[in-house]
Protein chains: 2
Amino acid sequence: MNLPPLVQGFVLHFGEMGSRWGLNRTLGQMYALLYVSPQPLNADEITEKLGISRSNVSMGLRELQAWRLVRLEHHPGDRREYFSAPQDVWAIFRTLAEERQRREIEPTLSMLRDALLETVETDEEKHAQARMGEMQALMEQLTTWFTEMNRLSPETLTRLMAMGSRVAKLLELKDRLRTRSG
Amino acid sequence: MNLPPLVQGFVLHFGEMGSRWGLNRTLGQMYALLYVSPQPLNADEITEKLGISRSNVSMGLRELQAWRLVRLEHHPGDRREYFSAPQDVWAIFRTLAEERQRREIEPTLSMLRDALLETVETDEEKHAQARMGEMQALMEQLTTWFTEMNRLSPETLTRLMAMGSRVAKLLELKDRLRTRSG
DNA sequence: ATGAGATTTCACTGATTACTGAAAGTTCAA
DNA sequence: TTGAACTTTCAGTAATCAGTGAAATCTCAT
């Protein structure tokens, strides 16, 4: 691995975490490298800096693109493909959250929707179906909420988040106003 | 596998998803089984219903307890240990979110905090460090917000979530009130 | 059309992770 | 204190997943 110490530590950490995040080591390392790189890199540069095989880089780049975590660009007069990670951390967070939603939540939601349509006979199955209903309700609620929040600007989100649990106070305030005027 | 069709489908699906969620197949299946079970189960019952080895169940149960996803209880006059999944889906969601926070976010945050304390020389490293700073800022913000939200009751959270992006309206309302009174 | 530069595919191998069965450990009643 | 009931540990094996290199494919400039 051919990197300054600070960057190397970051890249190795992301490699380790990669597996916990449903990616794999190489993917984590590649992403970390692109994230801190001052300019886009081509596949050979990544190969060289990480000390892994060219083909591994090729596969990794495809997967990172599928995650929408890296962007492909071309430089005039250069046939090679260059890759960069989007700079806006909020955008990255949203992408990540959307992709996880799509990969981890949606399949389960659709399984649950199907399961809830089945007609069942035994008490055991009825109980199971009721539990699935609770799970589905919460997941739908979270999904809807998440979609809505994703429409807000980073500024608005930052303000909302900065308020933390004090947003609950706003609800009381709203209730009071409504009561007064209603 | 020795289960009614509806339950079996649910259990198998969670087995598949288990890996995407950083668990593994068996863990997913065991959790799903306990989640829909009308009463707590002991290790032998789980072994029998899932058709896996007794030792695998034993290890799986330890891990599910480490995730705080199942609870151990004893029945009077029975030496065996019984396991159940908490019933409250909100509680489950919080537990899951907290554990993922602990396993997936915190290690990265502490790595970033360390990296940001280093003194670096080259422009490349300075750029990398700046990028790490951005990442750290967002992660701290999200972490703080999440901790705060976790204090709210499910009722409050449900109300807030039901408002969706209309919470942003509350901010405007608040601004107006402050302007008027300030 | 040709071939040099660039990228991708894929069968194989190496590494990691999950699962099992046998043995050891624990707990408790008699 | 013995042993029956129950649980855990762990070494070995099976299954899965990641990474490589050679070959195939793609893509332009000539």
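Treat the numbers as computed from the prediction; the structure is a model and nothing was measured. So that the names make sense, note that chain A is the first sequence line, chain B the second, and so on, each numbered from 1. For the numbers below, each heavy atom of this structure counts, side chains included, while hydrogens, waters and symmetry mates do not.
Residue pairs meeting the salt bridge (Lys or Arg N to Asp or Glu O under 4.0 Å) criterion with at least one member in residues 158-169 of chain A, sequence neighbours excluded, are A:Arg159-B:Asp175. Under the salt bridge (Lys or Arg N to Asp or Glu O under 4.0 Å) criterion, the residue pairs touching residues 116-138 of chain A are A:Arg131-A:Glu134, with sequence neighbours excluded. Applying the ring pair (Phe, Tyr, Trp, His ring centres under 6.0 Å) rule to pairs touching residues 58-82 of chain A yields A:His75-A:Tyr82, sequence neighbours excluded. Listed by first then second residue, pairs satisfying salt bridge (Lys or Arg N to Asp or Glu O under 4.0 Å) with a partner in residues 48-72 of chain B read B:Asp44-B:Arg54, B:Arg68-B:Glu98, B:Arg68-B:Glu99, not counting sequence neighbours. Sorted by first and then second residue, the ring pair (Phe, Tyr, Trp, His ring centres under 6.0 Å) pairs with a member in residues 124-167 of chain B form an empty list; sequence neighbours excluded. Here salt bridge (Lys or Arg N to Asp or Glu O under 4.0 Å) pairs that include residues 13-37 of chain A, with residues two or more places apart or in two chains, number zero.
Aromatic ring pairs are classed by plane angle as parallel below 30°, tilted from 30° to 60° and perpendicular above 60°; the pair B:Phe93 and B:Trp90 is perpendicular.
Side-chain atoms of B:Ser55 and B:Ser58 include no donor-acceptor pair closer than 3.5 Å. Side chains of A:Thr144 and A:Thr147: a donor-acceptor N/O pair is absent below 3.5 angstrom, by distance only.
Side-chain N or O atoms of A:Glu148 include none that pairs as donor or acceptor with a backbone N or O of B:Gly164 at under 3.5 Å. Using modelled atom types, one side-chain atom of B:Gln129 and one backbone atom of B:Ala115 make a donor-acceptor pair closer than 3.5 Å.
Rounded to a whole Å, the CD atom of B:Gln65 is 13 Å from the C1' atom of D:dT8.
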Polar-atom pairs under 3.5 Å, protein N or O versus N or O of nucleotides 26-30 of chain D: list them with distances, or write none.
unit_1, atom_1, unit_2, atom_2, d
D:dT27, O2, A:Arg79, NH2, 2.8

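With rounding to the nearest 0.5 angstrom, the CD1 atom of A:Ile46 is 4.5 Å from the CG atom of A:Leu34.
Of all the heavy atoms in A:Val70 and A:Pro86, the pair that sits closest is CA-CD, 4.3 Å.
The nucleotide range of DNA chain C contacted by chain A, defined by atoms under 4.0 angstrom from heavy atoms of the protein and reported 5' to 3', is C:dG5 to C:dC10.
Rounded to 10°, the helix from C:dA1-D:dT30 to C:dA30-D:dT1 has 10° between the axis fitted to its first five pairs and the one fitted to its last five.
The stretch residues 12-26 of chain A touches DNA chain D through A:Asn24, A:Thr26, each having a heavy atom within less than 4.0 Å of the strand. Residues from residues 38-62 of chain A with heavy atoms under 4.0 angstrom of DNA chain C, sorted by number: A:Arg54, A:Ser55, A:Ser58, A:Met59, A:Arg62.
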Checklist entry - What's the verdict on side chain to side chain contact (heavy atoms under 4.5 Å, CB included) for B:Asn42 and B:Glu81, showing C-alpha distance, side-chain angles and the deciding distance? => result CA-CA 6 Å; B:Asn42 64 44; B:Glu81 297 179 330; over 6 Å; no
For a quick test of your reading: what N or O donor-acceptor pairs under 3.5 Å do the side chains of residues 105-113 of chain B make, sequence neighbours left out?
unit_1, atom_1, unit_2, atom_2, d
B:Thr108, OG1, A:His13, NE2, 2.9
B:Ser110, OG, B:Pro107, O, 3.3
B:Arg113, NH1, B:Glu140, OE1, 3.3
B:Arg113, NH1, B:Glu140, OE2, 2.6

